[in-house]
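A short worksheet on the structure shown next.
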Amino acid sequence: MKLTIAEKKENPLLQRTEAQANLLFEGATPKTADVAAAMAKALSTEVPNIVVKRITTTFGKQEALVEAVAYASPEARKRFERLTPQEQKAIAEEKKKAQELMQ
């Protein structure tokens with residue numbers, strides 16, 4: 001998987017950097033978590049600060065356009081972004097385990 005940043009724009013009002021990148025891959029489209037890790041490396045930030053908005057592929061090609069944002073801090077991300085369904089599910093599972101331990 002090879003990721004190259006095509007466009008990068010600072011947005012100081014929302015404390016984030018908005019980026020578009022070209023992604024070359026082999027096989028199936030990479031998972032969002034893998035793309036977030038590659039974006040974090042390319043933008044020199046940590047993975048929890050990255051939100052992948054969209055991965056757009058073209059039928060039959062092994063390339064994609066990635067739109068993502070990198071927040072300045074986890075607090076800024078929490079203030080401006082909603083939780084993803086995967087994050088909501090993880091939180092629900094943690095609550096369920098905590099309740100089971102309490103009983």
Side-chain angles (χ1 to χ4, degrees):
M1 177 169 69
K2 181 181 176 187
L3 185 121
T4 55
I5 302 294
E7 185 180 335
K8 191 163 99 171
K9 178 183 165 188
E10 294 292 327
N11 190 337
L13 183 64
L14 298 178
Q15 301 174 355
R16 69 185 188 186
T17 302
E18 299 164 355
Q20 290 186 351
N22 294 320
L23 178 67
L24 298 175
F25 57 91
E26 292 183 14
T29 304
K31 294 182 179 182
T32 305
D34 298 335
V35 174
M39 288 293 290
K41 185 176 178 183
L43 295 173
S44 303
T45 188
E46 297 176 10
V47 176
N49 297 344
I50 299 290
V51 176
V52 177
K53 296 288 191 178
R54 185 174 293 126
I55 301 173
T56 308
T57 59
T58 304
F59 181 76
K61 292 189 178 182
Q62 301 293 308
E63 58 187 44
L65 176 66
V66 178
E67 295 177 22
V69 293
Y71 284 93
S73 66
E75 292 80 24
R77 180 178 185 234
K78 287 179 185 175
R79 192 170 354 153
F80 297 113
E81 287 290 331
R82 295 177 56 195
L83 292 176
T84 64
Q86 294 85 1
E87 292 170 334
Q88 291 174 354
K89 184 177 178 182
I91 290 171
E93 288 176 359
E94 288 176 12
K95 286 182 182 178
K96 185 177 179 182
K97 287 181 183 178
Q99 288 178 352
E100 289 175 358
L101 292 175
M102 296 292 247
Q103 296 176 357

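Please read all numbers here as calculations on a predicted model, not as lab measurements.
In this structure, E7 CD and N22 CG are separated by 10.5 Å, a value rounded to the nearest 0.5 Å. Rounding to the nearest 0.5 Å places CD of E18 at 9.0 Å from CD of E10. Atom OG1 in T45 sits 14.5 Å away from atom NZ in K41 (nearest 0.5 Å).
Shown here for R79 and Q15, the closest heavy-atom pair between the two residues is NH2-OE1, 3.6 Å. Listed here is the closest heavy atom pair of E87 and R82: OE1-O, 4.5 Å. T17 approaches K8 most closely through the heavy-atom pair CG2-CG, 3.5 Å. Closest approach of V51 to R77, counting heavy atoms only: CG2-NE, 3.0 Å.
When each of T57, L3, D34 is tested with F25 by the rule side-chain contact (heavy atoms from CB on, under 4.5 Å), just one qualifies, namely T57.
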Test side chain to side chain contact (heavy atoms under 4.5 Å, CB included) applied to K9 and N11, step by step
CA-CA 7 Å; K9 178 183 165 188; N11 190 337; 5.8 Å; no
Do any side-chain atoms of residues 64-74 form donor-acceptor pairs under 3.5 angstrom with protein atoms, and if so which ones, sequence neighbours left out?
from : atom 1 : to  : atom 2 : distance (Å)
E67  : OE1    : R54 : NH1    : 3.1
Y71  : OH     : R16 : NH1    : 2.9
Y71  : OH     : E81 : OE2    : 2.7
S73  : OG     : E75 : OE1    : 3.4
S73  : OG     : A76 : N      : 3.2

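Applying the 6.0 Å contact sphere to CD of E100 captures more than 12 heavy atoms from other residues, nucleotides or ligands. Counting non-hydrogen atoms of other residues, nucleotides and ligands closer than 6.0 Å to CG of L13 gives a total of 12 or fewer.
Looking only at side-chain heavy atoms (C-beta outward), I5 and M39 come within less than 4.5 Å of each other. Under the 4.5 Å side-chain criterion, counting only non-hydrogen atoms from C-beta, L23 is in contact with M1.
A single hydrophobic cluster is seen to contain both L43 and I55, as judged by linkage of ILVMFWY side chains at heavy-atom distances under 4.5 Å, directly or through other members.
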